[in-house]
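Below, chains carry the letters A, B, ... as their sequence lines are ordered, and counting in each starts from 1. Computation of the quantities below employed the complete heavy-atom set of this structure, encompassing side-chain atoms and omitting hydrogens, waters and symmetry-equivalent molecules.
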There are 2 protein chains.
Amino acid sequence: MLARLCYKEAVPKVVDPAERRSLLAEAVLRVVRRDGLEQASVRNVAREAGLSMGSLRHYFASQSELMVFAFRTVVERIELRLAGLEPESDPRRRAQRILSELLPLDEGRRAENEVWLAFTSRAMVDPALRALRGEGYDALRAGCRTLIADLSAAGLAPADVPAETDRLHALLDGLAVHAAMRPDIHTAESLTTAIERHLDALATERASRDASGRSQEPSS
Amino acid sequence: MLARLCYKEAVPKVVDPAERRSLLAEAVLRVVRRDGLEQASVRNVAREAGLSMGSLRHYFASQSELMVFAFRTVVERIELRLAGLEPESDPRRRAQRILSELLPLDEGRRAENEVWLAFTSRAMVDPALRALRGEGYDALRAGCRTLIADLSAAGLAPADVPAETDRLHALLDGLAVHAAMRPDIHTAESLTTAIERHLDALATERASRDASGRSQEPSS
DNA sequence: CAGTTACTAGCACAGTCGTACTACAAAAAG
DNA sequence: CTTTTTGTAGTACGACTGTGCTAGTAACTG
């Protein structure tokens with residue numbers, strides 16, 4: 001009996017409650033991608049996860065809560081992937097690597113991208129999702145700004161950091177939308193080279209403006 | 001009586017059938033923008049248009065048909081606006097003008113843009129809408145290609161037309177998405193200057209590559 | 001005039017929706 | 001042991017969905 005008390009939290013549970021919620025969130029993502037967000041009803045998600053409606057409602061009090069959690073799961077997964085990247089000191093290679101990580105280059109990221117698009121669209125009329133979408137937007141924009149600032153400091157991008165952040169951010173999301181619309185045309189290779197070309201263009205433009213506009217350049 | 005026969009098609013009808021369909025399509029667009037695409041049910045649209053369900057069904061046999069028509073209305077409206085632009089011989093100014101026409105710079109175009117985003121998202125799982133979305137995608141891409149080709153021929157954009165078409169197209173759609181997500185940040189002015197900066201960048205890049213890569217330039 | 005079509009309105013049906021609710025089993029706690 | 005909590009399942013309710021259907025009215029046709 002005393003032994004039992006020591007192990008009270010060790011093995012007994014078949015599945016962790018938090019893990020159950022994650023499994024349900026992934027069921028949401030599967031349904032959203034396969035049938036669209038409007039098909040992600042409580043019934044369909046429960047069936048997809050192999051649970052009953054009542055059981056699902058034990059983990060999520062409302063469907064809105066379920067949707068918000070599922071969306072947040074996608075956002076956190078992307079952040080985790082970015083955090084897991086090995087550090088890269090060269091700004092050009094770092095930009096290339098981080099931006100490539102954000103593009104839908106494989107099946108998993110394609111799924112995330114499509115789900116992201118669906119949630120983004122619904123966030124137009126759903127306040128709860130709008131707040132989350134805003135967070136994702138801000139995080140991505142901040143990331144773009146950091147990359148551009150580093151490139152600019154290294155003389156590999158124009159000096160107007162806000163303007164180039166705007167352009168890179170729009171290019172990134174535009175490529176993602178196009179990849180979702182025409183996955184046959186926008187392959188992993190074409191997306192990667194599109195980003196490469198843009199980074200090349202930034203460097204070329206900076207070099208050109210430096211050469212024409214100034215006689216001296218900053219040494220460090 | 002003879003007079004009546006002559007005027008048989010002149011005044012009698014209160015509203016033209018085709019016009020009725022357009023009015024219903026615009027009711028769809030209002031509902032989609034205000035409450036989201038999933039709220040654009042037959043009942044809601046009929047109420048928005050001030051008609052009964054049965055009457056609506058006399059003009060559209062199914063809800064899918066109604067949605068397709070509404071989406072096509074948006075596409076055609078954009079095409080009409082582009083066709084109505086006064087000709088501009090200078091490629092740089094023409095690009096600026098056409099691209100500005102495609103951005104959500106005023107309330108009407110903002111509405112179109114949001115509706116476009118909603119339909120684009122649903123087209124992921126709706127085959128009927130997917131075909132239309134593909135048409136819009138192709139048309140926009142072809143337009144971008146023409147602009148880039150003209151700029152390139154005038155020495156105002158890099159020679160790699162497909163690559164720059166890809167970049168401009170993605171930038172354009174990315175800006176549109178961002179404008180829908182954050183209309184407070186992406187104002188008409190910021191969107192316009194973003195496009196201007198990109199066109200400037202294209203010219204700068206072309207000039208830089210011409211200067212470094214070649215000793216002679218094509219005369220005509 | 002009568003006959004036909006175009007149009008409008010409204011109801012009924014079968015289905016899905018989110019949510020509230022109860023009942024039952026298993027684990028944890030006393 | 002009993003009690004309480006936790007998890008699961010199932011059902012019921014009111015609201016909404018797209019579609020089929022009928023009836024009635026207005027307009028056009030012969």
Can you tell me how far P of C:dG18 sits from CG of A:L56, to the nearest Å? 10 Å
Given D:dA9, D:dG7, D:dT19, which nucleotide is nearest the side-chain atoms of B:V42? D:dT19
Does the pair B:R33/B:E107 count as a salt bridge with the N-to-O cut at 4.0 Å? yes
Given C:dT19, D:dA9, D:dT17, identify the nucleotide with an atom nearest to the side chain of A:L51. D:dA9
Shortest side-chain distance from A:M53, nucleotide among C:dA9, D:dT19, D:dA12: D:dA12
For B:N44 and B:R47, test the side chains for any donor-to-acceptor distance below 3.5 angstrom and give the result as yes or no. yes
Rounded to the nearest angstrom, tell me the gap between atom CZ in A:R47 and atom C1' in C:dG15. 13 Å
Any Lys/Arg nitrogen of A:D106 or A:R109 sitting under 4.0 Å from an Asp/Glu carboxylate oxygen of the other? yes
For A:E38 and D:dG18, what is the distance between atoms CD and P respectively, to the nearest whole Å? 12 Å
Under a 4.0 Å N-O cut-off, is there an ion pair linking A:R92 with A:D150? no
Check the distance between D:dT8's C1' and A:F60's CZ and give it to me in whole angstrom. 16 Å
If you check every side-chain atom of A:S55, which of C:dT19, D:dT8, D:dG18 has the closest atom? D:dT8
How close or far is atom P of C:dG15 from atom CZ of A:R43, stated in whole angstroms? 14 Å
From the candidates D:dA9, D:dG7, D:dT17, the one with an atom nearest any side-chain atom of A:S52 is D:dA9
Could you check whether B:R20 gets within reach of a base, just the sugar-phosphate, or nothing at all, counting any heavy atom under 4.0 Å? sugar-phosphate
Phosphate contact (C:dT8 OP1 or OP2) by B:Y59 side-chain N/O below 4.0 Å: yes
Rounded distance in Å - CG (B:L37) to C1' (D:dT17): 15 Å
Let me know the distance between NE2 of B:H58 and P of C:dT5, rounded to the nearest Å. 12 Å
Please determine if a side-chain N or O atom of B:N44 lies less than 4.0 Å away from the OP1 or OP2 oxygen of D:dC16. no
Using 4.0 Å as the upper bound for N to carboxylate O, is an ion pair formed by A:D35 and A:R30? no
In this structure, how many angstroms lie between the C1' atom of D:dT6 and the CZ atom of A:R57, rounded? 16 Å
